[in-house]
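Remarks on the structure that follows.
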Protein chains: 2
Amino acid sequence: MNKGGDASDRAANETEARLSRASVGRLSLYLRRLEILLREGTTKVSSGTLGEALGVTDAQVRKDLAYLGHLGHPGVGYAAPELIDAIRRALGVDREWLAALAGVGNLGRALLRYRGFADRGFRIVALFDADPAKIGQRVEGLEVHSPDAMAELLPALGVELGVLTTPAESAQAVADAMALAGVRGLLTFAPGVLRRPAGVNVVSVDLTVQLEQLAFLVQHGGE
Amino acid sequence: MNKGGDASDRAANETEARLSRASVGRLSLYLRRLEILLREGTTKVSSGTLGEALGVTDAQVRKDLAYLGHLGHPGVGYAAPELIDAIRRALGVDREWLAALAGVGNLGRALLRYRGFADRGFRIVALFDADPAKIGQRVEGLEVHSPDAMAELLPALGVELGVLTTPAESAQAVADAMALAGVRGLLTFAPGVLRRPAGVNVVSVDLTVQLEQLAFLVQHGGE
DNA sequence: GGATGTGAACGACTTCACAGCG
DNA sequence: CGCTGTGAAGTCGTTCACATCC
């Protein structure tokens with residue numbers, strides 16, 4: 001449903017063909033691998049060598065990279081710096097993203113201190129928690145606000161993304177509130193399925209599902 | 001590979017057909033939904049109502065559940081308690097799993113306090129960290145050991161699973177060491193791809209990949 | 001020669017549609 | 001009649017294989 005739609009797209013010239021979810025995930029992996037290779041001095045890489053370390057076939061690598069345009073040089077391979085730039089642009093990590101985090105519990109605090117966010121240009125600039133005891137506290141240099149303040153604060157700060165580390169029960173309400181406050185993407189760690197507010201993209205990291213996945217694999221001797 | 005093998009399986013009659021990874025993930029979601037429904041007093045559920053809240057078609061639900069055996073009652077639906085038991089058995093969460101955690105940093109500590117683990121029968125019984133300053137400390141009632149102690153401790157405790165919250169650089173070495181110590185499944189949070197030791201199953205939760213997935217979706221207006 | 005880009009074959013997963021059972 | 005279980009059809013993603021270009 002809703003295929004082309006009213007798309008208020010700016011001159012979306014390059015990356016037009018549909019990237020599958022799996023492809024996008026692999027692009028992330030290529031990107032990290034390429035950054036390591038470049039740091040080690042490698043400036044040219046072939047689809048075979050790039051895929052090898054990641055367990056991806058060379059054909060798959062070429063298909064994935066073909067979406068970004070004609071970056072490969074037949075007989076030679078890909079130029080690492082060029083490729084890195086192209087993937088960064090395609091993934092949207094060539095700029096900074098402002099995010100708000102809701103649910104300042106154990107996991108929330110851990111994520112606040114997590115380097116990976118900042119390294120990729122994701123900056124958490126606002127904290128929210130429903131617990132009155134936490135409101136007003138400072139965590140990692142940021143004040144904890146009441147969820148009621150979202151409607152005012154998020155647009156003012158220009159926050160585009162939300163990170164949900166609330167209990168499962170409150171996740172949906174917080175997601176809806178964030179959507180109303182103009183957030184366009186949510187990364188949720190709350191177990192369970194979130195009904196996505198209109199115009200909001202959701203990526204879910206459900207630890208319970210992952211754990212059960214693992215238990216299943218081990219139990220059934222999946223290799 | 002290794003289909004029937006030497007499997008020290010107790011009468012493994014039912015769950016024989018291949019469950020896809022996606023199916024297993026959905027079974028987790030069904031399970032949680034069913035538990036909520038049952039708590040609310042619902043004891044019968046049809047494929048349509050079960051799938052609705054999760055965004056899964058009725059046919060898909062039936063296909064998934066068919067792997068577990070003939071549990072459905074035509075014209076009626078499925079009996080929730082029966083179904084819950086069957087899914088628990090299939091996923092292997094009808095028993096306790098002992099796990100060790102390596103990397104007692106922010107994320108590791110957050111996971112230690114995370115309820116979801118214990119709730120599903122995953123018990124963390126040993127901690128490891130390479131930092132000499134941390135070795136000997138007690139965290140959440142558990143002593144932090146040197147990684148060198150794994151070979152001795154893990155088999156003695158009967159640990160089957162490992163949780164990796166180490167930096168990316170050390171993840172592979174720790175994974176290999178755990179494999180040697182008899183661990184059969186790993187849940188890793190280290191960014192990057194792990195080369196899986198023989199006989200070990202790996203589930204990776206790569207936050208960087210998830211973040212970039214989200215940035216991509218938002219950037220390209222994926223709804 | 002060596003490696004890319006890509007149609008074609010293949011395979012895996014999902015949806016359709018319907019027979020069959022309570 | 002309602003809802004399951006399942007072959008058949010359809011869709012999507014991956015691998016193959018090869019023409020093409022440096």
Side-chain angles (χ1 to χ4, degrees), chain A residues 1 3 14-30 33-34 37 42-80 82-83 86-87 90 193 213 216-217 222, chain B residues 1 14-30 34 37 42-80 82-83 86-87 90 193 209 213 216 222:
Chain A
M1 49 204 78
K3 248 199 63 172
E14 304 276 340
T15 319
E16 197 43 58
R18 272 286 163 277
L19 264 291
S20 78
R21 223 164 226 242
S23 297
V24 174
R26 283 191 301 266
L27 285 179
S28 281
L29 298 177
Y30 302 153
R33 185 92 193 104
L34 285 164
L37 287 172
T42 311
T43 62
K44 279 183 196 117
V45 63
S46 71
S47 55
T49 59
L50 182 53
E52 198 169 16
L54 306 174
V56 176
T57 65
D58 55 343
Q60 182 71 77
V61 172
R62 290 199 297 277
K63 271 265 154 81
D64 289 337
L65 297 183
Y67 281 112
L68 309 180
H70 290 233
L71 292 156
H73 305 284
V76 181
Y78 300 83
E82 204 182 335
L83 198 47
I87 297 179
V193 173
Q213 188 90 237
F216 174 85
L217 288 172
Chain B
M1 50 205 74
E14 307 277 340
T15 319
E16 197 44 55
R18 272 286 164 277
L19 263 293
S20 78
R21 223 170 227 238
S23 297
V24 174
R26 283 191 302 268
L27 285 179
S28 281
L29 298 177
Y30 301 153
L34 285 164
L37 287 172
T42 311
T43 62
K44 279 185 195 116
V45 63
S46 71
S47 56
T49 59
L50 183 54
E52 199 168 15
L54 307 174
V56 176
T57 66
D58 56 342
Q60 182 72 77
V61 172
R62 289 198 297 278
K63 271 266 154 81
D64 288 337
L65 297 183
Y67 282 111
L68 309 179
H70 289 232
L71 292 157
H73 305 286
V76 181
Y78 300 83
E82 204 182 335
L83 198 46
I87 298 179
V193 174
V209 171
Q213 188 91 237
F216 174 85

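Computation of the quantities below employed the complete heavy-atom set of this structure, encompassing side-chain atoms and omitting hydrogens, waters and symmetry-equivalent molecules.
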For atom CD of A/Glu82 and atom C1' of C/dT4, their distance in whole Å
13 Å
Give the C-alpha distance, both sets of side-chain angles, the deciding distance and a yes or no for side chain to side chain contact (heavy atoms under 4.5 Å, CB included) between A/Arg33 and A/Leu29.
CA-CA 6 Å; A/Arg33 185 92 193 104; A/Leu29 298 177; over 6 Å; no
Need one value for A/Arg26: base, sugar-phosphate or nothing, where a base atom within 4.0 Å counts as base even if backbone is also close, heavy atoms only.
sugar-phosphate
Over all strands shown, is B/Leu71 touching base, sugar-phosphate only, or nothing at heavy-atom distances under 4.0 angstrom?
sugar-phosphate
Once rounded to the nearest 0.5 Å, what's the spacing between atom CD of B/Gln213 and atom OG of A/Ser23?
9.5 Å
B/Leu65 and B/Leu27: which non-hydrogen atoms are nearest, and at how many Å?
CD2-CD2, 4.1 Å
Integer-rounded Å distance: D/dC12 P and A/Gln60 CD:
16 Å
Going 5' to 3' through nucleotides 17-22 of chain C, assign each nucleotide B (protein heavy atom under 4.0 Å from a base atom), S (under 4.0 Å only from sugar-phosphate atoms) or - (no protein heavy atom that close).
B--BBS
Distance below 4.0 Å between A/Tyr78 side-chain N/O and C/dG2 OP1 or OP2
no
Hey, does the side-chain of B/Lys63 have a donor or acceptor N/O within less than 3.5 Å of a partner on the base of C/dT15?
yes
Atom CG of B/Leu68 to atom P of D/dT4: distance rounded to whole Å?
14 Å
Could you give the CG-to-C1' distance, from B/Leu65 to C/dT14, as a whole number of Å?
15 Å
Rounded to the nearest 0.5 Å, what's the gap from OH on B/Tyr78 to NE2 on B/His73? Could you check?
9.5 Å
Side chain of B/Ala22 (C-beta onward), nearest among D/dT6, C/dT14, C/dT6
C/dT14
Considering all heavy atoms, the nearest A/Ala80-A/Thr42 contact
CB-O, 3.9 Å
Mind checking A/Ser47 for me? I need base, sugar-phosphate or nothing, with any heavy atom below 4.0 Å counting as a touch.
sugar-phosphate
A/Thr49: which residues meet the side chain to side chain donor-acceptor pair (under 3.5 Å) condition with it, sequence neighbours left out?
A/Ser46
With a 4.0 Å cutoff (strictly under), does any side-chain N or O of A/Ser46 reach OP1 or OP2 of C/dA3?
no
Can you list every pair that meets salt bridge (charged side-chain N to carboxylate O under 4.0 Å, His left out) and has a residue in residues 52-61 of chain B, with sequence neighbours left out?
B/Asp58-B/Arg62
Report the distance from atom CG of A/Asp64 to atom C1' of D/dC12, rounded to the nearest whole Å.
14 Å
Euclidean distance, atom OH of residue B/Tyr30 to atom P of D/dT4 [Å, nearest integer]:
12 Å
Report the distance from atom CG of A/Asp58 to atom P of C/dT6, rounded to the nearest whole Å.
15 Å
B/His70 has an atom NE2; how far is it from atom C1' of D/dC3, in whole Å?
15 Å
